[in-house]
Student: 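First, the structure itself, so that you have it in front of you.
Chain letters run A, B, ... following the sequence lines, proteins first and then strands; every chain starts at 1.
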There are 2 protein chains.
Amino acid sequence: MKLKEFAAQIGLSPTTVSRALSGYPEVSDATRRRVEEEAIRLGYRPNINAVRLATGRAGAIGIVMSQAGQHQFSEFMIGMAERLSKNDIDILVTPMAQDGSRDELQIYRRLAESRRVDAIVVHSPKPDDPRIALLSKLKMPFLVHGRSHTKIAHAWLDIDNEDAIRRATNHLLDLGHKQIGMLNGPTGLTFTRDRASGHRMALEQRGLGYRDDLVLHGEFTDEIGFRNAMRLLSRQDPPTAILAGSMMTALGVYRAARSLGLSVGSDLSVVAHDDVFPFLTAENMAPPLSTTRSSLRSAGGRVAELVMRLLSGSDASEIGELWPTELILRDSSRPIKEGGKE
Amino acid sequence: MKLKEFAAQIGLSPTTVSRALSGYPEVSDATRRRVEEEAIRLGYRPNINAVRLATGRAGAIGIVMSQAGQHQFSEFMIGMAERLSKNDIDILVTPMAQDGSRDELQIYRRLAESRRVDAIVVHSPKPDDPRIALLSKLKMPFLVHGRSHTKIAHAWLDIDNEDAIRRATNHLLDLGHKQIGMLNGPTGLTFTRDRASGHRMALEQRGLGYRDDLVLHGEFTDEIGFRNAMRLLSRQDPPTAILAGSMMTALGVYRAARSLGLSVGSDLSVVAHDDVFPFLTAENMAPPLSTTRSSLRSAGGRVAELVMRLLSGSDASEIGELWPTELILRDSSRPIKEGGKE
DNA sequence: TTGAAAGCGTTACCAC
DNA sequence: GTGGTAACGCTTTCAA
């Protein structure tokens with residue numbers, strides 16, 4: 001059923017019907033109610049493509065899905081999708097086949113130029129991210145999940161990585177650990193830098209130095225977590241505690257500890273960052289894992305809200321939120337053993 | 001830049017340009033080449049919403065994202081997205097907040113009626129799935145990832161769950177295991193039924209019976225895997241081998257074994273189904289995990305192709321593919337220990 | 001092989 | 001508060 005037919009059937013003009021259904025103020029309450037009821041009764045639904053053509057809005061928000069961090073991705077996207085569906089806005093997912101950074105920019109360019117989306121969510125930013133420059137130049141509204149340090153104003157939402165790791169490090173220092181290993185994210189990303197910075201702050205506050213040799217970098221997978229933990233724990237002078245960048249990393253760390261005959265908790269303390277996945281929970285690990293926690297799903301929902309705010313005219317420079325994290329102590333972090341190793 | 005301007009600039013009619021860019025046969029090769037080059041040079045791109053309005057196509061395929069199995073979901077979606085992006089088709093993700101089955105149907109109904117998608121991918125089907133009846137009634141093209149046993153013809157792609165588990169069970173029987181536990185999926189789903197059936201086939205072929213008390217059901221999470229494995233392993237007469245439904249389930253099984261002081265491989269054999277995730281690999285587990293393997297990402301890509309075939313007029317009843325799985329033996333499945341327990 | 005013009009189903013500007 | 005009508009930017013029939 002088309003607008004014209006529907007309007008004719010209920011004896012109103014297409015204009016009025018359109019206005020009633022779109023919530024314009026100039027329609028009388030009685031008319032609006034009647035139109036809404038009749039629309040349901042007669043099964044009228046506006047053609048979404050016609051609406052989009054007429055309004056010039058795409059009705060969708062774009063997000064580029066990278067191979068790395070995909071388990072995080074889906075959790076974040078659920079959060080976005082839940083929020084956006086209330087406003088009838090779609091999520092358009094674009095995959096990134098290769099990870100050459102030139103290709104990556106091309107994908108963003110195409111997405112922006114095709115005008116299939118009203119805004120784009122950028123994730124895992126670098127301190128001076130070329131995607132931000134590009135989207136800004138193309139005048140495509142965007143929001144950064146994370147932060148960048150470019151001069152270009154941009155809307156963003158980030159968790160306080162620096163504070164999270166600072167507190168986690170402090171916690172381990174309080175327990176008496178002096179040699180703390182850290183499995184950080186890939187070099188070059190803002191959050192990796194922020195976490196390093198938080199770690200450094202905590203150490204220096206106690207008169208200890210940041211130890212380049214105890215901080216390893218890599219993606220947040222079980223495998224890389226394992227390998228890097230093995231490297232740390234096979235040292236002459238191994239750390240007595242490890243900060244793991246993610247739950248997957250922590251799985252690898254637990255495995256490494258076991259394979260070396262170390263007991264997590266008593267021989268090796270572990271604290272990880274937990275994005276809160278329904279399929280893998282810190283509490284269920286053996287032993288239960290101490291974490292810095294922040295819900296990726298909630299972040300996704302909030303990002304969706306902020307993007308909509310952006311689209312309704314807010315200035316990008318006015319949008320920026322730093323979320324605190326929780327530090328949750330469980331059984332994987334314990335006071336250092338007296339008497340050293342063996 | 002609009003079609004009209006662009007056409008004027010290169011001295012052709014909008015009609016010809018449209019045809020050239022859309023690959024219609026009646027345009028001369030020389031003209032087409034020229035139009036294509038100029039489009040790139042001048043940066044002309046058709047307005048996607050206008051195209052969609054004019055053609056009546058939504059240019060998107062819908063998929064409903066359930067909370068359960070979300071780590072599988074994103075892997076499957078990457079596969080779809082990679083394939084669809086070549087044809088400029090979007091994926092529209094709709095979240096499912098609650099999991100009441102009435103709500104679920106409503107979501108599919110809304111998605112279908114809104115005409116925002118040209119087709120819908122249905123996953124985790126039941127033997128007689130109401131979503132199939134609904135979409136069929138609404139005349140919305142759809143493809144089932146998995147299978148159903150309803151009379152309604154439907155396009156589908158599934159992996160051979162029955163054969164996979166039959167072979168995995170045979171493998172364990174060959175190793176001398178007589179008591180085999182199984183952590184299957186949620187009851188009521190087709191694949192759960194198929195896996196049970198494969199398990200039964202293998203057992204009965206050796207004159208053994210299917211043991212209801214050794215087969216537990218639940219979603220594929222680490223936590224449920226752990227709990228169910230604990231239940232099995234705490235029996236008076238515990239199984240010497242366990243079939244785990246997924247990698248996450250296997251994580252839970254390994255954990256359960258460890259917490260009971262059992263060594264996976266020598267004390268307890270484990271075989272799991274592996275959907276091939278980049279962030280968690282069977283080979284890296286300790287010990288390396290024997291698996292039945294089938295790439296969820298490849299399946300997503302193929303589903304995308306089949307959906308496009310469906311949209312270009314193929315009959316749903318002609319589309320159906322059963323994919324074999326690989327059985328990969330690693331170190332988690334070994335001959336049963338002589339001499340029984342202790 | 002190319003072009004003119006009539007849709008596609010809305011929205012939004014102007015009148016009333 | 002309501003209605004007429006010109007966009008929105010493309011595709012597709014029909015004619016040349």
Side-chain angles (χ1 to χ4, degrees), chain A residues 1-36 38-39 42-60 87-90 113-118 311-313, chain B residues 1-36 38-39 42-60 87-90 113-118 311-313:
Chain A
M1 162 127 40
K2 318 179 176 183
L3 173 58
K4 221 170 164 179
E5 300 172 42
F6 174 61
Q9 283 201 29
I10 63 174
L12 283 171
S13 75
T15 313
T16 303
V17 171
S18 169
R19 282 199 277 239
L21 257 28
S22 306
Y24 278 55
E26 57 260 60
V27 182
S28 79
D29 265 13
T31 306
R32 185 193 311 285
R33 248 194 307 276
R34 192 174 132 236
V35 172
E36 282 168 351
E38 294 283 25
L42 297 175
Y44 167 71
R45 283 175 160 285
N47 176 309
I48 192 89
N49 291 320
V51 173
R52 288 174 179 177
L53 176 59
T55 59
R57 279 180 243 123
N87 287 252
D88 234 38
I89 296 178
D90 302 330
E113 287 178 342
S114 73
R115 294 281 146 189
R116 274 183 304 199
V117 295
D118 297 317
L311 289 178
S312 63
Chain B
M1 162 127 42
K2 318 180 177 183
L3 174 57
K4 218 171 164 180
E5 299 171 44
F6 174 61
Q9 283 200 31
I10 64 173
L12 283 171
S13 74
T15 312
T16 303
V17 171
S18 168
R19 284 199 275 238
L21 258 27
S22 307
Y24 279 55
E26 58 261 58
V27 181
S28 80
D29 265 14
T31 307
R32 185 192 310 285
R33 248 194 306 277
R34 191 174 134 236
V35 172
E36 282 169 352
E38 294 283 25
L42 298 175
Y44 167 70
R45 282 177 163 284
N47 176 310
I48 192 88
N49 291 318
V51 173
R52 288 173 180 178
L53 176 58
T55 59
R57 278 181 243 123
N87 287 252
D88 236 41
I89 296 179
D90 302 329
E113 287 179 342
S114 74
R115 296 280 146 189
R116 273 183 305 197
V117 295
D118 296 317
L311 289 178
S312 62

Student: Let me check the geometry of the helix from dT1(C)-dA16(D) to dC16(C)-dG1(D). What is the bend angle between the axes at its two ends, five pairs each, to 10°?
Tutor: 30°
Student: Which donor-acceptor pairs under 3.5 Å do the side chains of residues 17-30 of chain B make with protein atoms, sequence neighbours left out?
Tutor:
| from | atom 1 | to | atom 2 | distance (Å) |
| --- | --- | --- | --- | --- |
| Ser22(B) | OG | Ser18(B) | O | 2.9 |
| Ser28(B) | OG | Thr31(B) | N | 3.2 |
| Ser28(B) | OG | Thr31(B) | OG1 | 2.6 |

Student: For Arg45(A), answer base if it contacts any base atom (sugar-phosphate contacts may also be present), sugar-phosphate if it contacts only those atoms, and nothing otherwise; contact means non-hydrogen atoms under 4.0 Å.
Tutor: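 Sugar-phosphate: the residue Arg45(A), judged by heavy atoms under 4.0 Å, touches backbone atoms but no base.
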Student: Hey, can you pull the residues of residues 48-55 of chain A with a non-hydrogen atom under 4.0 angstrom from DNA chain C?
Tutor: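 When residues 48-55 of chain A is checked for heavy atoms under 4.0 Å from DNA chain C, the hits, listed by number, are Ala50(A), Val51(A), Ala54(A), Thr55(A).
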Student: Nearest-nucleotide wise, let me know which of Arg57(A) and Ser28(B) is further upstream toward the 5' end of DNA chain C.
Tutor: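 So the residue in question is Ser28(B).
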Student: First contact, last contact: which nucleotides of DNA chain D are these for chain A, 5' to 3', heavy-atom distance under 4.0 Å?
Tutor: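 Listing 5' to 3', DNA chain D meets chain A from dG1(D) to dG9(D).
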Student: Can you name the closest pair of heavy atoms from Pro14(B) and Ala7(B) and give their distance?
Tutor: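 Heavy atoms only, the tightest pair is N-CB, 3.6 Å.
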Student: What do the steps show when you test Val35(A) against Ile10(A) for side-chain contact (heavy atoms from CB on, under 4.5 Å), and what is the final call?
Tutor: CA-CA 8 Å; Val35(A) 172; Ile10(A) 63 174; 4.2 Å; yes
Student: Any residue in residues 4-19 of chain B with a heavy atom nearer than 4.0 angstrom to DNA chain D? Just list them by number, or reply none.
Tutor: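 Close to the strand are Thr15(B), Ser18(B), Arg19(B).
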Student: Would Tyr44(A) and Leu3(A) count as a side-chain contact (heavy atoms from CB on, under 4.5 Å) here? Give the steps.
Tutor: CA-CA 8 Å; Tyr44(A) 167 71; Leu3(A) 173 58; 3.5 Å; yes
Student: Going by atom type alone, with no hydrogens or angles, which donor-acceptor pairs under 3.5 Å involve a side-chain atom of residues 50-60 of chain B and a protein atom two or more places apart or on another chain?
Tutor:
| from | atom 1 | to | atom 2 | distance (Å) |
| --- | --- | --- | --- | --- |
| Arg52(B) | NE | Ala58(B) | O | 2.9 |
| Arg52(B) | NH1 | Ala58(B) | O | 3.3 |
| Arg52(B) | NH2 | Gly59(B) | O | 3.3 |
| Arg52(B) | NH2 | Asp90(B) | OD2 | 3.0 |
| Thr55(B) | OG1 | Val51(B) | O | 2.8 |
| Thr55(B) | OG1 | Arg57(B) | N | 3.2 |

Student: State the CG-CE distance between Leu42(A) and Met1(A), to the nearest 0.5 angstrom.
Tutor: 5.0 Å
Student: Once you round it to whole Å, what is the distance between P of dA12(C) and CG of Leu3(A)?
Tutor: 13 Å
Student: Please report the interatomic distance CZ(Arg34(A)) to CD(Glu36(A)), rounded to the nearest 0.5 Å.
Tutor: 12.5 Å
Student: Rounded to the nearest 0.5 Å, how far apart are CG of Asn47(A) and CZ of Arg115(B)?
Tutor: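 Answer rounded to 0.5 Å: 10.0 Å.
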